[in-house]
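This report concerns only the one structure given below.
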Amino acid sequence: MKPFSSFLLAVIFCLAALHTNAQQDKAKRPSPAATTTQTVGATTININYSQPSIKGRKIGEDLEPIENKIWRAGANEATTFEFDNDVIIEGKPVPKGKYSFFILVNGEAWTLIFNKTWKQWGAFQYKEADDALRVSVRDNEVETFSEQLTYKIDKDGTVHILWGNRDVSFLIQEKK
């Protein structure tokens, strides 16, 4: 009887491991994982995020960002920005490192938030006390519609967040 119970325990363990691994397979998520990277001077900017799709929903009502509510600026885990050197974001210094990224919309102002706690799910664990930087920018209406949330970095360090018919852009420069 003992060999059978050991075998049964081993089978249960293997099945549990397979189930856990399947849950972590980001390729199978409705909002797939994406990465964008750009080198600006000697600094590498790396953005990791998940790409939700609009699917006929209305941004600001059925879909984030929603006015005065912290948004993870993506889906699933919080979006992260990583810099291998100190940078200047919209004129303000940020030390090299990895940061979670959030957005807070209030009217026409979009507050971009870089938070020191980079490993978190969504915005559920977000704490304002851990913010490294907050800057305000305005969004721009564009003609090209982005069904999926997309981050793009120009060679000069301008980051574009493309979502629906909006383009929220800001500048990341190498600190010299």
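Heads up: numbering here begins at 1 and tracks the sequence.
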Hey, would you say the Tyr99 and Phe81 ring centroids sit under 6.0 Å apart? no
Report yes or no: does [X] contribute a side-chain atom to a donor-acceptor pair with the main-chain N or O of [Y] at less than 3.5 Å?
X: Asn115; Y: Lys127; value: yes
X: Tyr151; Y: Tyr49; value: no
X: Glu147; Y: Ile54; value: yes
X: Asp154; Y: Asp156; value: no
X: Glu82; Y: Gly97; value: no
X: Ser169; Y: Val159; value: no

Verdict with supporting geometry, Val168 and His160, side chain to side chain contact (heavy atoms under 4.5 Å, CB included): CA-CA 6 Å; Val168 177; His160 298 270; over 6 Å; no
Taking the side chain as everything from C-beta on, heavy atoms only, tell me whether Ile103 gets closer than 4.5 Å to Leu112. yes
So Pro52 and Glu64, do their side chains get closer than 4.5 Å, heavy atoms only? no
Nearest-0.5 Å distance, [atom1] of residue [X] to [atom2] of residue [Y]:
X: Phe114; Y: Thr80; atom1: CZ; atom2: OG1; value: 11.0 Å
X: Ser136; Y: Asn106; atom1: OG; atom2: CG; value: 8.5 Å
X: Ile47; Y: Ile161; atom1: CD1; atom2: CD1; value: 7.5 Å
X: Ile59; Y: Trp163; atom1: CD1; atom2: CH2; value: 5.0 Å
X: Lys176; Y: Glu174; atom1: NZ; atom2: CD; value: 6.0 Å
X: Asn68; Y: Leu104; atom1: CG; atom2: CG; value: 6.0 Å

As a quick check of understanding, evaluate salt bridge (charged side-chain N to carboxylate O under 4.0 Å, His left out) for Asp139 and Arg166, giving each step before the final call. CA-CA 6 Å; Asp139 67 333; Arg166 312 312 294 169; 2.5 Å; yes
Let me see the working for Phe102 and Tyr126 under side chain to side chain contact (heavy atoms under 4.5 Å, CB included), right down to the final yes or no. CA-CA 9 Å; Phe102 300 94; Tyr126 169 79; 3.6 Å; yes
What are the two closest heavy atoms between [X] and [Y], and how far apart are they?
X: Asn85; Y: Ala42; result: ND2-O, 3.0 Å
X: Lys92; Y: Arg134; result: NZ-O, 3.8 Å
X: Ser50; Y: Ser31; result: CB-O, 3.6 Å

When hydrophobic residues are tied together by side-chain contacts of less than 4.5 Å, even through go-betweens, does [X] share a cluster with [Y]?
X: Trp118; Y: Val87; answer: no
X: Leu171; Y: Val40; answer: no
X: Trp110; Y: Ile66; answer: no
X: Ile88; Y: Val135; answer: no
X: Val105; Y: Leu133; answer: yes

Phe83 and Ile89: side chain to side chain contact (heavy atoms under 4.5 Å, CB included), yes or no, with the steps? CA-CA 11 Å; Phe83 318 108; Ile89 300 175; 3.9 Å; yes
Does NZ in Lys175 sit with more than 12 non-hydrogen atoms of other residues, nucleotides or ligands closer than 6.0 Å? no
Could you check whether atom CD of Glu67 has more than 12 heavy atoms from other residues, nucleotides or ligands sitting under 6.0 Å from it? yes
Side chain to side chain donor-acceptor pair (under 3.5 Å) partner of Asn46, chosen from Thr37, Thr35, Thr39, Thr36: Thr37
Begin with the C-alpha distance, continue with both residues' side-chain angles, and end with the deciding distance and a verdict on side chain to side chain contact (heavy atoms under 4.5 Å, CB included) for Glu90 and Val137. CA-CA 9 Å; Glu90 288 294 306; Val137 297; 4.2 Å; yes
Result of checking Asp167, Thr144, Leu149 against Leu162 for side-chain contact (heavy atoms from CB on, under 4.5 Å): Asp167
